[in-house]
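Encoded as structure tokens, the structure appears first; notes follow it.
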Amino acid sequence: MKELLKRLSPDERDWSLAREIDPKRIPAHVAIIMDGNGRWARQRNFPRIMGHRAGIGSVKTVTETCAQLGLEALTLYAFSVENWKRPRHEVEGLWRLLRHYLRREVSSLIENDIQLVAIGRIESLPAFVQDELTDVMEKTSRNQGMRLNLAINYGGRTELVDAVNAMIDSARIDGTLDSLEVTEETISAYLYTSGLRDPDLLIRTSGEMRISNFLLWQIAYSEIYVTSTLWPDFGRTELLEALVDYQRRERRFGGVTRAVSPAAQEDQLLLEEIEVPLR
Ligand code: IPE
Ligand code: IPE
Ligand code: MG
């Protein structure tokens with residue numbers, strides 16, 4: 001948080017937004033469905049790929065702001081397992097843009113102490129993309145600051161399938177398949193996000209009210225924030241607005257508000273009085 005304030009001046013709108021954020025309740029993990037690049041381009045009569053190119057600017061701004069805020073992890077949905085259905089030239093354009101992004105950003109990832117990890121079925125990507133990803137992951141692997149997960153060729157169901165298969169394989173190797181015990185913890189440990197906390201906040205840009213196969217297991221209790229802003233227009237201000245909104249929420253995880261707990265005593269008295277039949 002201090003890192004962010006250092007970069008802002010008090011006459012900026014982002015300064016007053018940042019001051020609204022309680023540094024003690026910054027989400028540990030934010031996940032973002034970066035959507036709306038195509039519509040952004042269409043509004044300008046540009047080819048779709050120009051929207052994706054403009055989206056890279058948002059990736060950079062949002063990543064650096066999250067690191068300055070002190071997040072533990074940021075997970076960005078860049079390409080889903082379903083996105084192969086798009087025209088070949090768009091998919092190929094995306095791989096070239098990804099290479100461009102990785103080459104250009106590796107030094108600033110290192111400067112900002114960010115560790116980049118690609119999550120998804122990376123082995124099915126074109127070889128030149130895999131090489132580039134391996135290179136950046138290696139170069140940033142010793143960074144201790146924020147972890148940036150880039151979800152590429154990612155699907156929430158695919159991730160669960162991979163987790164179950166990996167679990168079975170390792171039990172087979174250990175000879176413990178017959179006594180394999182599956183718990184929520186073991187499933188989490190075999191996901192691509194193993195070791196990370198579940199996202200506190202899930203953001204989707206461009207107004208779509210759906211999950212599109214993203215982090216199905218991990219978002220069980222994430223707060224969801226949907227904005228109509230298209231991804232290329234989503235910058236620092238929009239991110240800070242999302243965080244302010246998030247901090248106004250009350251996360252109950254199935255429990256009840258602490259503020260109403262005195263009423264719990266009343267509920268108890270009432271229950272005793274009316275002798276609620278238990279059937
Ligand atoms: C999101 O933008 C980026 C990717 C899925 C790669 P879209 O390309 O889905 O943009 P819209 O939804 O068509 O506007
Ligand atoms: C979700 O966006 C995938 C990414 C942002 C990478 P899509 O644009 O592919 O999702 P749908 O098709 O609108 O659900
Ligand atoms: Mg879309």
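As the structure lists them, so they are numbered: ligands from 1, and atoms in each ligand from 1.
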Short question: side chain of [X], backbone of [Y] - any donor-acceptor pair under 3.5 Å?
{"X": "R251", "Y": "Y221", "answer": "yes"}
{"X": "N143", "Y": "I114", "answer": "yes"}
{"X": "R13", "Y": "T237", "answer": "no"}
{"X": "N213", "Y": "G155", "answer": "no"}

Original post:
Is there a nitrogen or oxygen of W40 sitting under 3.5 Å from a nitrogen or oxygen of ligand 1?
Top reply: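 No, since none of the N or O atoms of W40 sits under 3.5 Å from an N or O of ligand 1.
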Original post:
Any nitrogen or oxygen of G38, main chain or side chain, under 3.5 Å from a nitrogen or oxygen of ligand 1?
Top reply: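 Such a contact does occur with ligand 1.
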As an exercise, identify every atom of ligand 2 less than 4.0 angstrom from a heavy atom of [X].
{"X": "F79", "result": "6 (C)"}
{"X": "M34", "result": "5 (C)"}
{"X": "R86", "result": "7 (P), 8 (O), 9 (O)"}
{"X": "D35", "result": "2 (O), 8 (O)"}

[X]: heavy atom below 4.0 Å from ligand 1, yes or no?
{"X": "G36", "answer": "yes"}
{"X": "H52", "answer": "yes"}
{"X": "A41", "answer": "no"}
{"X": "R48", "answer": "yes"}

Original post:
Looking at E64 and R7, does any basic side-chain N land under 4.0 Å from a carboxylate oxygen?
Top reply: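 Between R7 and E64 there is no salt bridge, as every charged N stays at least 4.0 Å from the carboxylate O atoms.
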Original post:
Nearest non-hydrogen atom to atom 10 (O) of ligand 2 belongs to which of E82, R39, R204?
Top reply: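 Nearest option to atom 10 (O) of ligand 2, by heavy atoms: R204.
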Original post:
Tell me, which protein residue and heavy-atom name are nearest atom 13 (O) of ligand 2, and how many Å apart are they?
Top reply: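 Protein heavy atom at minimum distance: R210 NH2, 2.8 Å.
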Subject >> Residue and atom name of the nearest protein heavy atom (relative to atom 9 (O) of ligand 2), distance in Å to one decimal >> reply: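 Looking at atom 9 (O) of ligand 2, the protein heavy atom closest to it is N83 ND2, 2.9 Å.
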Subject >> Atoms of ligand 1 close to A78 [distance to a heavy atom under 4.0 angstrom, numbered from 1] >> reply: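 So the atoms of ligand 1 that pass are 6 (C).
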Original post:
Rounded to the nearest 0.5 Å, how far apart are OG of S58 and CD1 of I32?
Top reply: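 If I round to the nearest 0.5 Å, the distance is 9.5 Å.
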Original post:
In D35, the N, O or S atom nearest to the Mg ion (ligand 3) is which?
Top reply: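 Minimum-distance N/O/S atom of D35 relative to the Mg ion (ligand 3) is OD1.
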Original post:
What's the shortest heavy-atom distance between R86 and V91, and which atoms?
Top reply: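 So the two residues come closest at O-CG2, 3.8 Å.
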Original post:
Strictly under 6.0 Å, is that where the ring centroids of Y246 and Y225 end up?
Top reply: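 When the ring centroids of Y246 and Y225 are compared, they turn out to be at least 6.0 Å apart.
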Original post:
Are V182 and W217 grouped together when hydrophobic residues (ILVMFWY) are joined by side-chain heavy atoms under 4.5 angstrom apart?
Top reply: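 They do share one cluster, since a chain of ILVMFWY contacts under 4.5 Å joins V182 to W217.
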Subject >> Test of proximity, S80 against ligand 2: N or O pairs below 3.5 Å >> reply: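 No.
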**OP:** Establish, yes or no, whether the cationic atom of R99 lies under 6.0 Å from the six-membered ring centre of W95 and within 45° of the ring axis.
**Re:**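 No, a cation-pi geometry is absent between R99 and W95.
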